[in-house]
There are 2 protein chains.
Amino acid sequence: MSRIDESLLTGIPPFRKLERSQIREILDLATVRRYEEGETIFEEGLAADRFFLLLDGYIRVTRNTPAGDQIIVLHIASGQLFGIAPALGRDTYPATATAAVESISLCWPRRHWHEFAEKYEGFATETYKVVGERMQGLHDQVVELATKAVEQRLASALLRMVNQSGRKTDQGIEIAFPVTRQNISEMTGTTLHTVSRLLSAWQKQGIVASTRRHIVVTQPHQLVLLSDAIA
Amino acid sequence: MSRIDESLLTGIPPFRKLERSQIREILDLATVRRYEEGETIFEEGLAADRFFLLLDGYIRVTRNTPAGDQIIVLHIASGQLFGIAPALGRDTYPATATAAVESISLCWPRRHWHEFAEKYEGFATETYKVVGERMQGLHDQVVELATKAVEQRLASALLRMVNQSGRKTDQGIEIAFPVTRQNISEMTGTTLHTVSRLLSAWQKQGIVASTRRHIVVTQPHQLVLLSDAIA
DNA sequence: TGCGCTCTTTGAGCAAAAGCAAACTCGGGT
DNA sequence: ACCCGAGTTTGCTTTTGCTCAAAGAGCGCA
C-alpha cells in the first residue's frame, strides 16, 4: 500500500491541531478504501467496528423504513469524518452509507477511537464539535420538515447541496455529485413527481438548469427567497 | 442553600461510574434552580454558559421559525442532562428550554465541563453516549416526518411521551406532564385541529382518554399498530 | 447504430390535512 | 357564584401534493 501524505490531513478539523509526526502515526494505522458509485460502505444496524474519513468523493447517509421508503439523512463531503458511531458509544451504525460517486476514504478500527482521543490533545474536542454541528443540522431538518411546504423544503435541500458541494461554473453553481429526482425526493420527504414538476417550473424561470442526474443552480438568490431560510 | 444528597446522582448516566466522594465534589460546584411551569430556562441563540441536569419535572426543548411556528424538538425527563452545548463545543444554545411543569435542575458553569471530562473517568464517555442516543432519536424523527402520515406521527408522538414519562394508573398509562393539543401539533408538524380530531376519534374507540392538558393512553398496543413503528 | 434501461416529464383525479370560522367547556380567580 | 380566558371541538371550504398512468429522452453498451 502506498503511504499517504500527511498534508492530506492537516487543516481538517480533528487533525488541525496535531503535529505532523502525530498525523503520521495516525495515518500509519489507517486503511485506505475505494468505493464505486453506488457501493455500500456500511449498513444500518451492523456492528460499528470502524470509523471513517472521506478523502475524496461524496457519501450519502440514508435510513430505510420497514415500509420500504428510503430517506437521505445527510451527505458527507471530502474531509469529513463519518461512521463515528464509536465516538458516541454506539455499537451499531444508526444509518447506511453509500458512495454517491467513486470515493476514497480512510478507515480505522473502532478501538483506535479512544486511543486517539486520549493521546492527542484536541482530537476528541474537535470531533465533538463536528457532532454538535451535525446535530444542529438535524434540528434544522426536523423544523423544516415540520413547518415548511414542499417547495420551500426543496429549495432548502438544493441550497444545502450547493453549499456543501457547489462548484462554480460559468452557468452558475453546480452540484458536484449525481442526484436524481428520486434522491431529492428522499431528502425532502416528497415524491419524485413533485420534485420533477417543481424543477421544471424553476427551469422555465431560469432559476436552475438540470439534466439527467445533474443540477446547476443559476440563481441561488432566488432559491434563498423560495426557501424562506430558517437561519 | 441546603446540601444535596449524593444519592440523587448515583445511578444516572454520567455519574454512574463515579465514587461518592467525586459526586460530592461535583455537587458542591452545582447551583440548584427551580422553575415555574412555563418558565424559560435558556433561549436559542444565547450564550451557552451553563449546562444542566434535571432533577425533577419535565422540560420542553423547542425551536422557533422566523414565520412564528414553534416546534418541540424533544422532552427532557428527570435524571437527564440538557443544555449540553458546552460539551459539543457550541457557544450558543441551539434551542430553547422551557419548564413543562414546575421543575428543579442543577446547573454548572460551562467551564466545568472540561474539568469534569478530564478529571472523572467515564464522565465524558457516558455523556457522549447520551448524545448518541439523542442523535438517533433525531434521525428517527426526521424519517418519521418525511415518510409517515399525520395519524402515524401522532401515534408515535404519544408513544414517545408515554415511554418517557408514562405513569401507570388504573385507567391505563398517563402522560405525566401537561400537554395541549397545540403542544402535540408542535411535536408532529401538524395543526391543533387535526390533533383534536384524531384524539376525539381515538377517544371514541377507547384507545385514549383525554381531558384538558392531560392524556391517558388506555390501549398502548393500538397506538403501536397505528404508528407503524420504525424500530 | 440501435437497443434497452434508467431517469424524467406531464396529465388527471383524488384524498388528506390545512385554513377559516364559530361555538363550547372547563377551571381558576374575583 | 359568576366571569373570563385558555384550551378544545366541530363543520365547511380550499388547497396541496400524492397516486396512478403513460409517454418521452438521454446514455451506455453491444
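Protein chains get the first letters and strands the later ones, always in sequence-line order, with residue 1 at the start of each.
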- Message: If you apply the rule side chain to side chain contact (heavy atoms under 4.5 Å, CB included), what do you find for A:T65 with B:E144, and how did you get there?
- Response: CA-CA 9 Å; A:T65 67; B:E144 198 174 292; over 6 Å; no

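- Nucleic acid contact for B:R181: sugar-phosphate only, since backbone atoms but no base atoms lie under 4.0 Å from a heavy atom of the residue.
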Counting only pairs under 3.5 Å, give me each side-chain donor-acceptor contact of residues 127-134 of chain B, with atom names and distances, residues two or more places apart or in other chains.
unit_1 : atom_1 : unit_2 : atom_2 : d
B:T127 : OG1    : B:F123 : O      : 2.8
B:Y128 : OH     : B:A87  : O      : 2.8
B:R134 : NH2    : B:L81  : O      : 3.0

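- Among the protein residues, A:L199 comes within range of no part of the nucleic acid, since none of its heavy atoms lies under 4.0 Å from any strand.
- Between the CD atom of A:E37 and the C1' atom of C:dC7 there is a distance of 13 Å, rounded to whole Å.
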- What one-letter contact string describes nucleotides 11-18 of chain D from 5' to 3', where B marks a base within less than 4.0 Å of any protein heavy atom, S marks contact via sugar-phosphate atoms alone, and - marks no contact? BB----SS

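- The separation between B:I184 atom CD1 and C:dA17 atom P is 16 Å, rounded to whole Å.
- Partners of B:H139 by ring-ring contact (aromatic ring centres under 6.0 Å, His included), not counting sequence neighbours: none found.
- Contact check on A:R33 versus A:E39 returns no salt bridge, with no Lys/Arg side-chain nitrogen under 4.0 Å from an Asp/Glu carboxylate oxygen.
- Atom CG of B:N183 and atom C1' of D:dG7 are 11 Å apart (whole Å).
- One interatomic measurement links the two molecules: CD of B:Q182 to C1' of D:dT8, which rounds to 12 Å at whole-angstrom precision.
- Salt bridge absent: B:K148 and A:D69 never bring a charged side-chain N and a carboxylate O closer than 4.0 Å.
- Contact annotation for B:T180: backbone-only contact, meaning every heavy-atom pair under 4.0 Å involves sugar-phosphate atoms and none involves a base.
- One atom, CD of B:E186, and another, P of D:dT8, lie 12 Å apart when rounded to the nearest Å.
- B:H221 contributes atom NE2, which lies 10.5 Å from atom CD1 of B:I207 (distance to the nearest 0.5 angstrom).
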